[in-house]
Amino acid sequence: MAELGYDGRVAIITGAGGGLGREHALLLASRGAQVVVNDLGGSVDGTGGSEGPAHTTAKEIEDLGGVAVADTHSVSTPEGGEAIVQTAIDAFGRVDVVINNAGILRDKTFHNMTADLLEPVIDVHLKGAFYVTRPAWLKMREQSYGRVLNTSSNSGLLGNFGQTNYAAAKMGLVGFTRVLAAEGAKYNIKANAIAPVARTRMTEDLLGKMADRLDPALVSPIAAWLCHEDCPVTGEVYSAAGGRIARFFVGLTEGYYNPKLTLEDVRDHFDDIRNESGYIVPPNPGGEFAQLMKHFSS
Ligand code: NAI
C-alpha cells in the first residue's frame, strides 16, 4: 500500500512548539503538508509567553526539508484565532486541517477552584478551539474540504481528581466535535477528537515509571490519520497512548420502559436501567429517539 501523504494540504497545529503538537507538526510536514506551527510559548499554567517554541519547531521542520511557518498568537481570543488562520492564508493561501492542541493546566480540587483557575483553562482549551476553528471552517465550507481534530482527554471522558476545570473543557470539546461532524458532513468536513496519554512537560511529573513507554510521537499517527483525506470517520474519539489506539464512545443502555413510571419503579428497576448488555451507540439524537420509538410503537 502507498504511504499516506498531505501534498497541497495546509495544516494549522496549535500549541505545536513542544510536546504532542510538535510531534503532529513534524509528522504532517514529513508527509508533505505545509504547516502553521502555532504556539504562544507560555508555561504549563498558561502564564508568560515566548516566540521561541513556535519558531524552533518551524525551523526544525525546514531543516528536515519541510515547509512551515511560525505563529505566536494566543488561541484564547477571537482575534487570536482569526490571526492564526490569517497566517495560514498569507503563507499558503488556504487551510485544510486544524488540530486544536494548545493547552494549559491549573489543577485544584473543586472546593478550592476559583475563577482564575477556571477561566483561563476554558479559554485556551474550549473557547480556543472555537476561535481557531471558526474562521478556518468558513474557508473549509467554501472549498468543500476540511479536517478538524480536537484534543480531548481521559480526564474529561472518565473524570480525574483535581481537574474539574480541565475535564469540563475537555468533555466540552467532545460535544463540539460531535456537532462539527454533523454540520460539516455535507461539505466533506470531518471532525474527530483524540484523548492522548503521553510524556510531555505537562505530564512528566505524573506518569511515574510508565513515562518511558509514552513517547508523544506515538500519538501522532492517529492524529494524522484523522486529518487525512482518506479518514473514514467523523464525530469520533480515539484514545492514544504508547502505541495503543482504541476508540471511546458514548453508549446507551437498553433501559427500562413503563408508560406509567413511578418513583418506586425507578428504584425497583435500577439494575435494568443500568444493565450494559444490549447497549447501543447512537450516532446522533435521532438514534436515541429511534430506540424510544420502538417502545412507543409496541
Ligand atoms: P505541552 O505543554 O507540551 O503543550 C501545550 C502547548 O500549548 C505548549 O507548547 C503551550 O505553549 C501551548 N499553548 C498554551 N496556551 C496557548 C495559547 N493560548 N495559544 C497557543 N498556544 C498555547 O503539553 P502536551 O501534553 O503536549 O499537551 C497538548 C494537548 O494534549 C493539550 O491540549 C493537553 O491538554 C492534551 N493532553 C495531553 C495529555 C498528555 O498525556 N500529555 C493527556 C490528555 C490531553
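The chain is numbered in sequence order, starting from 1. Predicted model only: the values in this text are computed from it and were never measured. Indexing begins at 1, ligand by ligand and atom by atom, following the structure's order.
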What I want to know is whether [X] and ligand 1 share at least one N or O pair that is separated by under 3.5 angstrom.
{"X": "G21", "result": "no"}
{"X": "K170", "result": "yes"}
{"X": "M202", "result": "no"}
{"X": "T200", "result": "yes"}
{"X": "T151", "result": "no"}
{"X": "V44", "result": "no"}
{"X": "I104", "result": "no"}
{"X": "Y166", "result": "yes"}

So is [X] touching ligand 1 or not, going by heavy atoms under 4.0 Å?
{"X": "R199", "value": "no"}
{"X": "R22", "value": "no"}
{"X": "P196", "value": "yes"}
{"X": "G42", "value": "yes"}
{"X": "G41", "value": "yes"}
{"X": "A16", "value": "no"}

Within the 6.0 Å centroid threshold, strictly below: F176 and F130: yes

Ring-face cation of R141 near Y187 (centre distance under 6.0 Å, axis angle within 45°): yes

Lys NZ or Arg CZ of R9 over Y145 ring: under 6.0 Å, within 45°: yes

Side chain, backbone, both or neither: L20 near ligand 1, heavy atoms under 4.0 Å: both

Closest protein heavy atom to atom 28 (C) of ligand 1, given as residue, atom name and distance to 0.1 Å: N101 OD1, 3.1 Å

Nearest-neighbour protein heavy atom for atom 21 (N) of ligand 1, which is reported as residue plus atom name and distance: L40 N, 3.3 Å

Of V98, N100, I99, the residue whose pairing with L149 passes side chain to side chain contact (heavy atoms under 4.5 Å, CB included): I99

Should we say atom [atom1] of [X] is surrounded by more than 12 heavy atoms from elsewhere, each under 6.0 Å from it?
{"X": "E254", "atom1": "CD", "value": "no"}
{"X": "E288", "atom1": "CD", "value": "no"}
{"X": "N258", "atom1": "CG", "value": "yes"}

